[in-house]
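Every value quoted in this text rests on a predicted model; they were computed, and no experiment measured them. Order of the sequence lines sets the chain letters (A, B, ...), proteins ahead of strands, with each chain counted from 1.
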2 protein chains.
Amino acid sequence: MTARRRTWVENGWRTIVATAFLALALPAQAGEFLASWTDGPHKARIVEFVQQVTDPTSRSYVPPAARIAVFDNDGTLWSEQPMYVQLAFVVDRVKALAPQHPEWRTTEPFKSVLADDLAGVAASGGRGLLELVAATHAGMTTEEFRRIVSEWLATARHPRFDRPYTELVYAPMLELLTYLRANGFKTFIVSGGEVEFMRAFAERVYGVPPEQVVGSNLATQYEVRDGAPAILRLPKVDFLDDKAGKPVGIDRDIGRRPILAFGNSDGDLQMLEYTTGSSGPRLGLIVHHDDAAREYAYDRKSPMGTLDQALDLAAQRGWVVVSMKTDWRTIHADR
Amino acid sequence: MTARRRTWVENGWRTIVATAFLALALPAQAGEFLASWTDGPHKARIVEFVQQVTDPTSRSYVPPAARIAVFDNDGTLWSEQPMYVQLAFVVDRVKALAPQHPEWRTTEPFKSVLADDLAGVAASGGRGLLELVAATHAGMTTEEFRRIVSEWLATARHPRFDRPYTELVYAPMLELLTYLRANGFKTFIVSGGEVEFMRAFAERVYGVPPEQVVGSNLATQYEVRDGAPAILRLPKVDFLDDKAGKPVGIDRDIGRRPILAFGNSDGDLQMLEYTTGSSGPRLGLIVHHDDAAREYAYDRKSPMGTLDQALDLAAQRGWVVVSMKTDWRTIHADR
């Protein structure tokens with residue numbers, strides 16, 4: 001037996017042992033996959049859908065390759081209040097860089113950011129936001145930017161919960177991601193957030209690898225710096241993955257219509273519509289933030305994560321509106 | 001035991017049985033994975049690389065999630081002579097649509113296409129090519145376009161080999177894709193070809209799912225037609241995935257630097273450079289078309305798949321130049 005063949009035998013047996021271990025462990029875990037969900041019609045609907053599409057004898061069976069599930073990020077997988085986490089990053093980053101930019105003390109939108117005046121930032125409009133993106137998200141390589149985001153996430157804390165943002169992901173959603181993957185689904189994030197910002201933590205926190213993160217993206221440029229090839233981030237938004245941009249991003253990066261979509265705002269309306277508006281088994285879900293005690297309560301009037309039209313359409317389209325208050329036993333995982 | 005748990009047990013055992021079957025079959029197949037490759041230094045180099053990155057005791061070990069391999073398509077996975085397959089599609093499509101467009105008989109670049117005058121098409125330049133793309137690739141939904149391409153592929157035949165193009169993929173490359181995937185690699189196509197054109201056959205022919213195909217893409221638009229949500233293809237090239245665009249496409253869609261890249265032309269130079277120009281184990285490979293008898297012989301002077309600069313750089317960068325003539329026992333799989 002050659003060395004190569006021996007490696008194959010070893011790998012083969014390793015795979016068998018690992019798979020057997022996992023498979024034997026599954027029946028015991030199955031009932032517990034969605035432990036943070038209360039036993040009600042919404043959890044039952046999810047489980048029923050998964051059983052149908054995975055049962056080869058079902059008329060609704062979907063082969064594993066087509067089991068594509070897409071999740072919005074802000075407000076669906078983690079909190080978007082009191083402001084988007086990415087916006088908190090922008091604010092902190094502007095403050096960190098301010099000593100090198102004395103001119104920011106007198107120039108909008110930086111002046112408002114430094115004064116914690118979010119209304120002032122908003123007043124600078126789209127152009128102001130683009131300037132903030134340029135100052136904080138561009139001018140470095142992809143690898144450098146991810147390091148900056150990782151370092152920030154390691155120290156930044158949510159103003160209300162006083163915990164790192166990555167600890168404030170929703171436990172029921174992490175369970176759902178795991179449950180779907182255990183059932184052969186490929187889970188994608190499809191978010192208005194900037195793609196590299198999310199890739200800095202998506203694999204570690206959500207188990208979603210970089211190639212399964214779809215987001216807004218900046219224009220970039222390939223260049224060889226001091227003999228080292230890298231991707232340079234340019235101060236120009238190339239694609240906005242929000243509202244009607246979400247189906248476009250899905251089509252471009254995934255190339256297959258999902259069978260399950262989960263969002264929480266009107267920014268997810270078209271993604272839900274695109275996912276569920278075709279033949280075959282389809283499931284659309286919306287997280288409704290109705291739990292001011294444990295998280296936040298907001299919908300139609302909120303500037304972040306407005307949920308208005310999609311809430312009205314939900315009943316008509318058969319989208320499941322998940323109540324944070326009654327459907328989720330736990331919001332955030334314990335430490 | 002509940003119905004849900006029973007399903008899990010069944011799925012668990014199915015997985016064990018299937019995996020055990022595959023794993024037991026592996027040792028016998030291992031030596032045969034690259035059966036169409038001759039036993040020489042190039043095959044040995046590939047096998048050695050794969051063994052190093054998959055051996056947990058090796059200093060070059062790479063965890064499965066980071067085993068990203070990227071492949072050019074035209075000239076690397078299938079033939080690009082006497083013209084790109086996608087161009088053959090354009091020519092046939094213009095002819096098929098010509099009866100509905102009498103004006104094409106007197107308008108360039110259509111007139112030249114209808115006269116099989118490729119020099120005339122080339123003379124119409126970039127603008128002419130964009131008009132051809134608009135006329136043949138845009139104005140329908142993604143799903144409609146894939147159906148058009150699939151139907152064309154089912155009947156079109158290569159002018160020299162008189163076989164469907166999808167039968168003319170390179171057998172040694174199909175084996176390599178399978179070998180890499182069996183070793184935990186995720187295989188991607190990164191090609192200048194239009195992404196939906198490739199997705200129409202990549203999964204069936206290469207085993208590469210739509211979400212692992214990176215290519216040039218048109219601008220698209222989300223719309224609801226007669227109540228059915230769909231993605232409409234617009235007559236505008238949004239992204240050109242060639243040369244310095246390839247690392248940009250890799251960064252955007254994969255979000256991780258590959259550890260293995262395989263190309264065949266100067267269009268792949270930057271992808272090879274980006275892949276191999278970083279620390280850790282890296283492998284760059286180039287197919288050299290030097291086999292006029294069994295396929296084609298071309299490099300520096302060919303208008304399609306020019307291989308000039310990358311060929312000069314190969315020795316310096318340690319890229320393996322695979323000779324079609326001496327490294328490949330078989331070019332195309334037998335029927």
Residue, of A:E196, A:R257, A:E143, that accumulates the most heavy atom pairs under 4.5 Å with chain B: A:R257

For B:G277 and A:P229, the nearest pair of non-hydrogen atoms, with its separation, is O-CD, 3.2 Å

Atom CD of B:Q309: over 12 foreign heavy atoms under 6.0 Å: no

Pick from A:I231, A:I250, A:T220 with the largest number of heavy-atom pairs that fall under 4.5 Å of chain B: A:I231

Crowded around A:R225 CZ? As in, over 12 foreign heavy atoms under 6.0 Å? yes

Given heavy-atom pairs under 4.5 angstrom as the criterion, report whether the side chain, backbone, both or neither of B:V214 touches chain A. neither

Counting heavy-atom pairs under 4.5 Å with chain B, which one of A:R146, A:E211, A:E203 comes out on top? A:E211

Please classify the contact between A:D253 and chain B as side chain, backbone, both or neither, with a heavy-atom cut-off of under 4.5 Å. both

Cut-off 4.5 Å, heavy atoms of chain A, and the answer for B:Q212 is side chain

Which atoms of A:V213 approach chain B - backbone, side chain, both or neither, heavy atom under 4.5 Å: neither

If I measure from the heavy atoms of chain B, does A:F239 come under 4.5 Å with its side chain, its backbone, both, or neither? neither

Portion of B:K186 that has a non-hydrogen atom of chain A nearer than 4.5 angstrom: side chain

Nearest non-hydrogen partners of A:E273 and B:V224, listed with the distance: OE1-CG2, 3.6 Å

Smallest separation among heavy atoms of A:G255 and B:R199, with atom names: CA-NH1, 3.3 Å

Give, for atom CG of A:D238 and atom CZ of B:R252, the distance between the pair rounded to the nearest 0.5 Å. 7.0 Å

Most contact-rich option vs chain B, by heavy-atom pairs under 4.5 angstrom, among A:V248, A:T276, A:V50, is A:V248

From CG (A:D251) to CD (B:Q221), nearest 0.5 Å: 12.5 Å

